[in-house]
Amino acid sequence: MTTAVVTPGVVTTDLATPHLLTTAAENTTSLIQSVDWLAIAPPVVVAAMALIVLVTDLFLPEHRKPLLGALTIGGLVAALALLVPLRAGDRSTFCLNEAATGSGGAGACSYTADHFALVIQALVLGGALLTALLSFGDTRKLPAGEFWFLLLSSASGAALLPAARDLATLVVALEVASLPAFALVGIKRGDRRSSEAALKFFLSSVVATAVMLLGVSFVYAATGTLHLTEIASRLDDVPGQLDTLAKAGVALTLVGFAFKTAAAPFHFWVPDTYIGAPLPIAAYLSVVGKAVGFSGLILVTVIAFPAYADVWGPALAVLAALTMTIGNVAALRQNAGRARSAVRLLAWSSVGQAGYLLVPIAAAAYSSDEHIGSTVAYALMYAVVNLGAFAVAALVARTSPGNRLTDYRGLYATRPLAALAMAFFLLCLAGLPPGIIGLFAKVTVFSAAVDAGLGWLGVVMAVNVVIALYYYLQWTATLFRAPEESTAAARGEAPAQPHDKTLPEAAAPAPTRHRVPVSLTVAIALTTVAGVVLSGAPQTVLRFAAVNLF
């Protein structure tokens, strides 16, 4: 085997000139990087399963297409299982040696499977698995092969991103997670609303990526490196003539991630995208999409840009206040009788929740990175209960395609277990008992703001929590009211007609119960059990999410 060492203008081999090989090795940096295949196994397994599904789709007859969904679920379960051997959180790969860093310290790595990465990967893969369960019985009108391939492709990028430790890997992972999502949003062929949503999502994301890449290029020009830890050390001593360039790079990178996290005023794409996308994909974007955006934002701010905390700290605090206020006020103004008002309310609610998630990241600029655990804990809570709420919404949509808030009236009378589960999810999002995990998550976020000296942000958060209580409790009360048909009959009136006259009569709520797919029942049950267990031991979440990025 021939080993080549590359130096400026010189190439030597161990067969031709072994003595020159030794000399070159002593005076140059080795370009050989180690590869830990176990560390990168979770995203690799998901990506490999995506290719298997794509190829298998070519040979399957139409009636065997459900097998593709089973393969997708199996691949995601396998990827989750591969996180168990990595639970120590001490593995890194694609590392340069010490000489490559120029600092004499430990070598810089492009992929690190630490506790932060593992927690976010578990959240992402679990969210993708629940999305697959929600979609399993509802892909009959969609191109099944393309749907499952795109879902797995996006999940592989989402699983790669939290472990990325250089800007190149970070941007590539972010785009691998985002590009298939565009197609998933617009996958309903012939649906004008779906195509419009995909176009808005695509254009906003492209602008965000362009702004982010410009910021990354500025940071690289100022530091001469892409590794996050090396950027942090070099930003501490940036030459005066490059300081403005570095600050501009930090600011532009933050703007790019603000689009990805749906932070106001870069949130405009969220409501239309959620409404136009298939309901499971809306759930996927609300949880996995946010996990990707926030994990990337944490990595670049806390690891790469601590020297410029005076730039991104106040900016994120203002964005947090603006985002939670706009999201909650818009959710408060939703018309219950409007078509798809339930999904629209969940969309605006997700914007408001994004504001809460930004608070601990902003607090990390004023104290220490220990507050990042609050963001991770809140993200875990939000992922479980929000996916559960979308699962119940998917159940209601089977009999009421309009998915209005009024369609949930009397749900307890027809499907009591689903109504109780939905009430629990809404109370968790509101932060009220018995949703103890929601209350616990909000308290930890509020404590992060107060501990960092951001009392004004804590006041804004408290006001927004009160605003959110109104629409969450209003929706919860609707679940237990008497159905409109029953109250109308009691008064001797005719049953109310559908609100949306544009929908055909066949789309009106059916009086009979429809058979619910097993996968949808499993998704609701899993999220309910997870929420109840976490509410019984909320401290477990914070202990599990207590990550240290340094």
Side-chain angles (χ1 to χ4, degrees), residues 34-49 75-95 106 108-131 152 154-166 169-170 173-174 176-177 228-229 287-300 302-303 357 360-361 364 369-384 387 441 444 526 530 533-534 537 539-550:
S34 61
V35 179
D36 186 341
W37 290 102
L38 180 59
I40 64 175
V44 167
V45 165
V46 177
M49 187 55 68
L76 292 169
V77 170
L80 280 168
L82 286 170
L83 294 176
V84 177
L86 304 174
R87 61 186 180 278
D90 57 356
R91 305 180 80 101
S92 298
T93 187
F94 299 110
C95 299
C109 298
S110 295
Y111 187 101
T112 300
D114 56 11
H115 288 112
F116 172 79
L118 296 179
V119 170
I120 301 298
Q121 284 178 338
L123 190 159
V124 164
L125 295 174
L129 177 60
L130 286 170
T131 302
L152 286 169
S154 179
S156 66
L160 171 63
L161 188 140
R165 292 299 183 271
D166 69 64
T169 307
L170 195 66
L174 189 61
V176 171
L228 302 183
T229 53
V287 172
V288 177
K290 275 189 171 48
V292 167
F294 278 101
S295 58
L297 185 62
I298 289 170
L299 291 175
V300 296
V302 179
I303 295 183
L357 287 164
I361 307 177
D369 71 320
E370 65 182 10
H371 295 306
I372 297 303
S374 299
T375 290
V376 177
Y378 199 100
L380 289 172
M381 179 280 299
Y382 171 75
V384 171
L387 282 170
T444 57
L526 285 176
V533 170
L534 293 177
Q539 70 279 1
T540 305
V541 179
L542 193 59
R543 189 181 305 116
F544 182 64
V547 294
N548 190 342
L549 295 178
F550 294 104

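Throughout, numbering of the chain's residues begins at 1 and tracks the sequence. None of the values given here were measured: they were computed from a predicted structure.
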Let me see the working for V119 and L380 under side-chain contact (heavy atoms from CB on, under 4.5 Å), right down to the final yes or no. CA-CA 9 Å; V119 170; L380 289 172; 4.1 Å; yes
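- Between the side chain of T93 and the backbone N or O of D36 there is at least one donor-acceptor pair closer than 3.5 Å.
- Side chain of H115 to main chain of D90: no donor-acceptor pair is present (N/O by atom type, distance under 3.5 Å, no hydrogens or angles).
- Among all heavy-atom pairs drawn from L299 and A164, the shortest one is CD1-O, 3.5 Å.
- What you find for L118 and L86 is that their closest heavy atoms are CD1-O, 2.8 Å.
- L82 pairs by the side-chain contact (heavy atoms from CB on, under 4.5 Å) definition with A41, P42, V45, not counting sequence neighbours.
- In terms of modelled atom types and a separation under 3.5 Å, the side chain of R91 and the main chain of A88 share no donor-acceptor contact.
- The side-chain heavy atoms of D166 and L228, taken from C-beta on, include no pair separated by under 4.5 Å.
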Give the C-alpha distance, both sets of side-chain angles, the deciding distance and a yes or no for side-chain contact (heavy atoms from CB on, under 4.5 Å) between R165 and F94. CA-CA 10 Å; R165 292 299 183 271; F94 299 110; over 6 Å; no
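- Between the OH atom in Y382 and the CG atom in L123 there is a gap of 11.0 Å [rounded to 0.5 Å].
- Between A108 and T229, the shortest heavy-atom contact is CB-OG1, 4.2 Å.
- To the nearest 0.5 Å, atom CG of residue L526 and atom CG of residue L130 are 6.0 Å apart.
- Nearest approach of A155 to L76, heavy atoms of both residues: CB-CD2, 4.5 Å.
- With hydrogens and angles disregarded, a donor-acceptor distance shorter than 3.5 Å links the side chain of Y111 to the backbone of A39.
- Nearest approach of G296 to L161, heavy atoms of both residues: N-CD2, 3.5 Å.
- Under the 3.5 Å distance criterion, the side-chain polar atoms of S374 are left unmatched by any main-chain donor or acceptor of P360.
- Every residue meeting the side-chain contact (heavy atoms from CB on, under 4.5 Å) condition with S156, not counting sequence neighbours, appears here in chain and number order: V46, A47, V176.
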Would S295 and I298 satisfy side-chain contact (heavy atoms from CB on, under 4.5 Å), going step by step from the backbone distance to the final call? CA-CA 5 Å; S295 58; I298 289 170; 5.6 Å; no
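- V287 approaches A383 most closely through the heavy-atom pair CG1-CB, 3.4 Å.
- Between I361 and F294 the shortest side-chain heavy-atom distance falls below 4.5 Å.
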